[in-house]
Visitor: 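Provided herewith is a single structure, encoded as structure tokens, for subsequent inquiry.
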Amino acid sequence: MITINEHYNKLQASYLFSDIAKRVQSYQTNNPDKSIIKLGIGDVTEPLPQACIQAFHQAVDEMADGALFRGYGPEQGYAFLREAIAVNDFQSRGADISADEIFISDGAKCDTGNIQELFSEDTVVAIPDPVYPVYLDTNVMAGRTGAFVSGRYEGIVYLDSVKENNFVPALPTEKVDLIYLCFPNNPTGSTISKQELKQWVDYAREHKALILFDAAYEAFIRDESLPKSIYEIEGARDVAIEFRSFSKNAGFTGTRCAYAVIPKSCMAYTAKGVPEQLHRLWNRRHCTKFNGVSYPVQRAAEAVYSPEGKTQVNTLVAKYMGNAALIRSEMTALGYDCVGGDNSPYIWIDGRSDSWQFFDLLLDKAGVVCTPGAGFGKCGAGYIRLSAFNSRDNVTRAMQRIKKALNG
Ligand SMILES: *Cc1c(COP(=O)(O)O)cnc(C)c1O
């Protein structure tokens, strides 16, 4: 008899986006003449930068040429891309990371989801609340949690991100082995300072723990004093893995390219306490289960680091950040407490009511769709997330409507 992995039965069906769709559908049916503006989107809306498109086209032409055609590439990614990443994203900021410590992949979602395979089943896992659901669900699937009881999985150490701590969780009071951090944060838009991040690195060093640092939104950081990479923190090389993606900075959500950084000095331990290089384990895993990102996509990603590419990506990010500033200033002027939107594309708003009640209010009175914070965890209750991923036109109209709806 074939039996299932019963840990899957512990997973909570995510009704968040289907619930949103249902409410939007019913609003549209009752108000056929009203247009809806979606500020709930976690996906980019602008096209790829021209430099990426040109490199993409050229690489496709190479694939049509018998002399230039390429079959399987290195599983870890082509050297041209790994070199460009190491120099531009790390060495230029004083972070000691070399090209052979970088693994190119088809997404930070897969990387952050797959990495837990390397760790034992009894690993004590610390996960922020609210959170990007991938970290939690993949640990549930792997059997590292108990049942779901009153809104939380047993066995997980939740790191509350709330107003009182400025949405940067405090160090756990119990001993944990694996720590997920995401800054700038999705969904809260909060950022972490170098001093705060250093406390996590010090904790990990002291307890032989490991930090998984999701930096998918680093391109949105405007404040130069904030760390873009965890490797800007002294000692992080030995206790942290970092995840990056071309999805949000260069609009690759539909093109697919990302990378994981696993420094060769980063260790985990056998049950007997013998250190093992995580780089070696991940390389084994990656080569067994993954056959590389397509050549044209890696060329398109490389173009992000060309002079034109850098300018175009900056323009793209600045466009979204203009939207974010507009959303944040309007909501603040309306009297709502906001976080994010200054160094991130998300604005996390205290609705001072139930998340879904506020969602319904914005939909019914303004025709604007947001994301209810309760969908991201217990600590998200009462909040909504507004996203800057939209056209300026749509954001401007949405904010005018919200102002009118909430003022009158
Ligand atoms: C969008 C996003 C990513 C990027 O995922 P990809 O699979 O690379 O598109 C990673 N982490 C978070 C928190 C995100 O919001």
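Every number for a ligand or one of its atoms is a count from 1 in the order of the listing.
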Visitor: Any N or O of Ser245 that comes nearer than 3.5 Å to an N or O of ligand 1?
Guide: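 Such a contact does occur with ligand 1.
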Visitor: Backbone, side chain, both or neither: what part of Tyr217 comes under 4.0 angstrom of ligand 1, heavy atoms only?
Guide: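 Looking at Tyr217 and ligand 1, just side chain atoms fall under 4.0 Å.
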Visitor: Any idea which atoms of ligand 1 are less than 4.0 Å away from a heavy-atom of Ala216?
Guide: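 So the answer, numbered in order with elements, is 3 (C), 10 (C), 11 (N).
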Visitor: Please list, in number order, the atoms of ligand 1 under 4.0 Å from a heavy atom of Gly107.
Guide: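 Near Gly107, meaning under 4.0 Å from one of its heavy atoms, ligand 1 has 7 (O), 8 (O).
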Visitor: So which protein heavy atom does atom 7 (O) of ligand 1 come closest to, and at what separation?
Guide: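 The closest heavy atom on the protein side is Arg256 NH2, 2.7 Å.
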Visitor: Within a radius of less than 6.0 Å around NE2 of His7, do more than 12 heavy atoms belonging to other residues, nucleotides or ligands occur?
Guide: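 Buried by this count: over 12 neighbours within 6.0 Å.
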Visitor: List every atom of ligand 1 that sits less than 4.0 Å from any heavy atom of Asp214, numbering the atoms from 1 in the order shown and giving each element.
Guide: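 Here the atoms of ligand 1 in question are 10 (C), 11 (N), 12 (C), 13 (C).
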Visitor: Apply the test salt bridge (Lys or Arg N to Asp or Glu O under 4.0 Å) to residues Lys228 and Glu232: give CA-CA distance (whole Å), side-chain angles for both, the deciding distance (0.1 Å), then the verdict.
Guide: CA-CA 8 Å; Lys228 285 181 161 244; Glu232 292 174 39; over 6 Å; no
Visitor: Aromatic contact between Tyr320 and Phe389, with the criterion being ring centroids under 6.0 Å apart: yes or no?
Guide: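 Distance test on ring centres: under 6.0 Å, yes.
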Visitor: Crowded around Arg284 CZ? As in, over 12 foreign heavy atoms under 6.0 Å?
Guide: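 Not buried by this count: 12 neighbours or fewer within 6.0 Å.
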Visitor: Any salt bridge between Arg237 and Glu101, counting N to O under 4.0 Å?
Guide: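 Result for this pair is yes, salt bridge flagged.
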Visitor: At less than 4.0 angstrom from any non-hydrogen atom of Asn186, what atoms of ligand 1 do you find?
Guide: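 Checking each atom against Asn186, I get 13 (C), 15 (O).
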Visitor: Does the pair Arg244/Glu242 count as a salt bridge with the N-to-O cut at 4.0 Å?
Guide: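 Salt bridge: yes.
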Visitor: Quick test: of every protein heavy atom, which one is nearest to atom 2 (C) of ligand 1, and how far off is it to 0.1 Å?
Guide: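 Heavy-atom neighbour on the protein nearest atom 2 (C) of ligand 1: Lys248 NZ, 2.5 Å.
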Visitor: By number and element, which atoms of ligand 1 are closer than 4.0 Å to a non-hydrogen atom of Ser247?
Guide: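 Near Ser247, meaning under 4.0 Å from one of its heavy atoms, ligand 1 has 6 (P), 8 (O), 9 (O).
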Visitor: Considering the heavy atoms of Lys109, write down every atom of ligand 1 situated less than 4.0 Å from one of them.
Guide: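 Near Lys109, the atoms of ligand 1 are 5 (O), 6 (P), 7 (O).
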Visitor: Less than 4.0 angstrom from a charged side-chain N to a carboxylate O is my criterion; do Lys208 and Asp177 meet it?
Guide: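 No salt bridge links Lys208 with Asp177.
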Visitor: Just wondering, do Pro296 and Phe56 contact through their side chains at under 4.5 Å, heavy atoms?
Guide: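 A side-chain contact exists here, since the closest heavy-atom pair is under 4.5 Å.
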Visitor: Kindly confirm or rule out an N or O of Ala108 lying under 3.5 angstrom from an N or O of ligand 1.
Guide: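 Yes - when backbone and side-chain N and O of Ala108 are compared with those of ligand 1, one distance drops under 3.5 Å.
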